[in-house]
Amino acid sequence: GAVVSQHPSWVICKSGTSVKIECRSLDFQATTMFWYRQFPKQSLMLMATSNEGSKATYEQGVEKDKFLINHASLTLSTLTVTSAHPEDSSFYICSAHRTVSGNTIYFGEGSWLTVV
Amino acid sequence: QKEVEQDPGPLSVPEGAIVSLNCTYSNSAFQYFMWYRQYSRKGPELLMYTYSSGNKEDGRFTAQVDKSSKYISLFIRDSQPSDSATYLCAMSWANTGNQFYFGTGTSLTVIP
């Protein structure tokens, strides 16, 4: 199946610093990528939809200045958590939209962020 | 009413049992249907993908779509402890639709 790579898998940062998470579609081009947040034993929460070459669309309640999303190419989207605080600690997952031979999305492995 | 409804479980079955996971939906425009498996602390993995109605089989997994009833199912035959995970259904509209609607996930435990 298609592969979406997410990096880093684990990151620990100090409060007040910024952290960047990368999401790459390795074997297909993705005009659209999605970013999610997931708390333990809870379902995926869509944060934003990232479109190549344009501004991301954020879900209600998600601070766009806090969670900066850049989709500079058809294979790479990045999420930067700015001025991180302990409450930002979470599991962040990306997915990439594949439209060749169907209409589906493939997820990255996820990134665990711990802010200390 | 949510677009997609999925019983969260948890569901616990003995090894070797047949597992049936289900989702219902309200939007008749959905054409693409997916099942994902998510292990703890990992990203979801695409298991099955179906377009429109009908059945699709892949090894021990069978996906069914009944558009007339707005109901999709995932069957797991000869369930194994390694099938213990959360299963998410997802669906989308046709063609250019880049909005995907997810169920909340069903937690499955297969007991050896």
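Each chain gets a letter, A, B and so on, in the order the sequences are listed, and its residues count up from 1. These values consider heavy atoms only, across backbone and side chains, with no hydrogens, waters or symmetry-generated copies.
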Worksheet item: Could you go step by step and tell me if A:K20 and A:E22 meet the salt bridge (Lys or Arg N to Asp or Glu O under 4.0 Å) rule?
Response: CA-CA 7 Å; A:K20 180 185 285 188; A:E22 293 187 348; 5.7 Å; no

Practice prompt. Kindly determine whether A:H97 and B:F100 satisfy ring-ring contact (aromatic ring centres under 6.0 Å, His included), including the steps that lead there.
Written response: CA-CA 10 Å; A:H97 183 202; B:F100 291 82; 5.2 Å; yes

Discussion item. Before you tell me yes or no, could you show the steps for A:T31 and A:L74 under side chain to side chain contact (heavy atoms under 4.5 Å, CB included), namely the whole-Å CA-CA distance, both residues' side-chain angles and the distance that decides it to 0.1 Å?
Written reply: CA-CA 6 Å; A:T31 305; A:L74 288 171; 4.0 Å; yes

Worksheet item: Quick one: of B:G105, B:P44, B:S40, who has the most non-hydrogen atom pairs under 4.5 Å with chain A?
Response: B:P44

Practice prompt. Below 4.5 Å from any heavy atom of chain B, which atoms of A:Q6 appear? Answer side chain, backbone, both or neither.
Written response: neither

Worksheet, complete the sentence: Scored by heavy-atom pairs under 4.5 Å with chain A, the best of B:M34, B:Q38, B:R41 is B:R41

Worksheet item: Can you tell if the side chain of A:S77 reaches within under 4.5 Å of the side chain of A:N70, non-hydrogen atoms only?
Response: no

Worksheet item: When you check the gap from the basic side-chain N to the acidic O, do B:K70 and B:E3 get nearer than 4.0 Å?
Response: no

Worksheet, complete the sentence: Given the options A:W10, A:F39, A:W35, A:W112, A:F91 meets ring-ring contact (aromatic ring centres under 6.0 Å, His included) only with A:W112

Worksheet item: By a 4.5 Å heavy-atom criterion (distance strictly below it), what part of B:E45 contacts chain A: side chain, backbone, both, or neither?
Response: neither

Worksheet item: Non-hydrogen atoms of chain A under 4.5 Å away: do they reach the side chain of B:F33, the backbone, both or neither?
Response: neither

Discussion item. Is A:T32 close to chain B through its backbone or its side chain, or both, or neither, when contacts mean heavy atoms under 4.5 Å?
Written reply: side chain

Practice prompt. Please state whether the side chain, the backbone, both or neither of A:L46 comes within less than 4.5 Å of a heavy atom of chain B.
Written response: neither

Response to the item:
Most contact-rich option vs chain B, by heavy-atom pairs under 4.5 angstrom, among A:F34, A:Y36, A:F107, is A:F107

Worksheet item: Between A:H7 (side chain) and A:R24 (backbone), is there a donor-acceptor pair under 3.5 Å?
Response: no

Worksheet item: Given that the side chain runs from C-beta out, which part of A:I93 has a heavy atom under 4.5 Å from chain B: side chain, backbone, both or neither?
Response: side chain

